[in-house]
Amino acid sequence: MFSKILIAEDHESSNFSVQKVLEEMKIPSVSHAYYCDDAFSSLKKSLESNPYEVLITDLSFEEDHVKQIIKNGRELIKSCREISPELKVIVFSAEHRLGVIDLLFSELSINAFVRKARSDSKELKKAIEAVYNNGTYLSHDLKLPVKSLNTLEFSNYDITLLQLLSDGVLQKNIPKKLQEQSIHPSSLSTVEKRINAMKLVLAVKNTEQLIACCKEIGII
């Protein structure tokens with residue numbers, strides 16, 4: 001079984017719940033962090049001698065007075081994998097949108113997803129055991145969308161465009177928003193091509209239908 005696991009969770013009750021599961025599984029070394037930056041720092045430091053084998057992280061972290069560079073679980077996973085490619089990742093989150101979960105596996109190559117719900121302690125144990133045996137795991141009450149829904153066609157860039165549209169940003173103003181976030185490509189022509197491509201994939205006629213369809217699928 002794993003010997004060293006890092007927990008990134010900002011809610012104390014959930015943090016305690018995960019620690020209890022790991023204690024029952026007799027994991028000898030368990031550390032936790034309430035902030036993504038602290039979790040990343042701990043992982044980076046561990047690489048000097050005894051690396052963490054598994055990261056168990058939530059996706060959303062509430063903002064407070066402490067300024068953070070890494071602001072959510074997706075960014076944390078990406079940053080950690082860049083310096084520790086062999087790190088196993090288990091997402092423990094209340095997220096239930098199937099499209100989002102699908103993308104966690106396809107885009108970030110997570111090893112397991114456990115939904116915070118009834119019996120999540122049992123699910124977390126199963127997930128850890130599955131990942132230890134080089135498998136993947138998904139909570140039993142979730143079923144990923146079939147590939148015919150084309151959720152795997154949507155990249156992080158596409159999701160950013162969709163989210164901006166959903167937030168009411170006009171298509172012509174999206175390039176400026178992308179530039180503000182240092183996201184590339186940011187040209188209007190590229191933005192238009194990607195949005196039109198998504199409309200074609202989902203067989204919708206306008207932006208309103210595109211956003212409605214993506215929300216229904218769970219992409220945003």
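Owing to the predicted nature of the structure, the values given are computational and were not obtained by experimental measurement.
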For [X], give me all partners under side-chain contact (heavy atoms from CB on, under 4.5 Å), at least two apart in sequence or on another chain.
X	result
Asn50	Lys4
Asn206	Glu208, Gln209
Ile69	Asp37
Glu23	none

Should we count NZ of Lys71 as having more than 12 external heavy atoms under 6.0 Å? no
Using a 6.0 Å cut-off, check whether atom OH of Tyr132 has over 12 heavy atoms from anything other than its own residue. no
Ser49 and Pro51: which non-hydrogen atoms are nearest, and at how many Å? O-CD, 3.6 Å
All heavy atoms of Arg81 vs all of Leu87, minimum pair found to be NE-O, 2.9 Å
Test salt bridge (Lys or Arg N to Asp or Glu O under 4.0 Å) applied to Arg115 - qualifying residues, sequence neighbours left out: Asp141
Residue set satisfying salt bridge (Lys or Arg N to Asp or Glu O under 4.0 Å) with Lys88, at least two apart, ordered chain then number -> none
Listed by chain and number, what are the side chain to side chain donor-acceptor pair (under 3.5 Å) partners of [X], not counting sequence neighbours?
X	result
Glu24	Lys125
Ser3	Glu53
Asp167	Gln163
Glu123	Tyr137, His140

Mind checking whether [X] and [Y] have side chains closer than 4.5 Å, heavy atoms only?
X	Y	result
Leu104	Arg74	yes
His11	Asp58	no
Leu210	Ile195	yes
Phe113	Thr136	no
Val91	Ile77	yes

Determine, step by step, whether Met198 and Cys214 satisfy the side chain to side chain contact (heavy atoms under 4.5 Å, CB included) criterion, reporting the C-alpha distance in whole Å, the side-chain angles of both residues, the deciding distance to 0.1 Å, and the verdict. CA-CA 10 Å; Met198 287 187 280; Cys214 289; 5.7 Å; no
Can you check whether [Y]'s main-chain N or O pairs, donor with acceptor, with [X]'s side chain at less than 3.5 Å?
X	Y	result
Ser166	Leu162	no
Asp120	Ala117	yes
Asn111	Ile90	no
Ser84	Cys80	no

Pair Leu59-Asn72, side chain to side chain contact (heavy atoms under 4.5 Å, CB included): steps then yes or no: CA-CA 6 Å; Leu59 291 177; Asn72 57 58; over 6 Å; no
Applying side chain to side chain contact (heavy atoms under 4.5 Å, CB included), run through Val21 and Lys122 and close with a yes or a no. CA-CA 8 Å; Val21 169; Lys122 293 180 181 179; over 6 Å; no
Pairwise ring-ring contact (aromatic ring centres under 6.0 Å, His included) hits with a residue in residues 33-62, at least two apart: His32-Tyr34
Rounded to the nearest 0.5 Å, what's the gap from [atom1] on [X] to [atom2] on [Y]? Could you check?
X	Y	atom1	atom2	result
Leu108	Leu76	CG	CG	10.5 Å
Ile56	Ser93	CD1	OG	13.5 Å
Leu165	Ile174	CG	CD1	4.0 Å
Thr57	Leu6	OG1	CG	8.5 Å
Leu200	Lys193	CG	NZ	14.5 Å

Assess whether side chain to side chain contact (heavy atoms under 4.5 Å, CB included) is satisfied between Ile7 and Val30, documenting all intermediate values. CA-CA 8 Å; Ile7 306 167; Val30 177; 3.7 Å; yes
Ion pair present between Glu9 and Lys116, side-chain N to carboxylate O less than 4.0 angstrom? yes
Determine which pairs satisfy side chain to side chain donor-acceptor pair (under 3.5 Å) with at least one residue from residues 178-189, sequence neighbours left out, and list them in order. Ser187-Ser189, Ser187-Thr190
Is Ile159 linked to Val169 within one hydrophobic cluster, defined over Ile, Leu, Val, Met, Phe, Trp and Tyr using a side-chain heavy-atom separation of less than 4.5 Å? yes
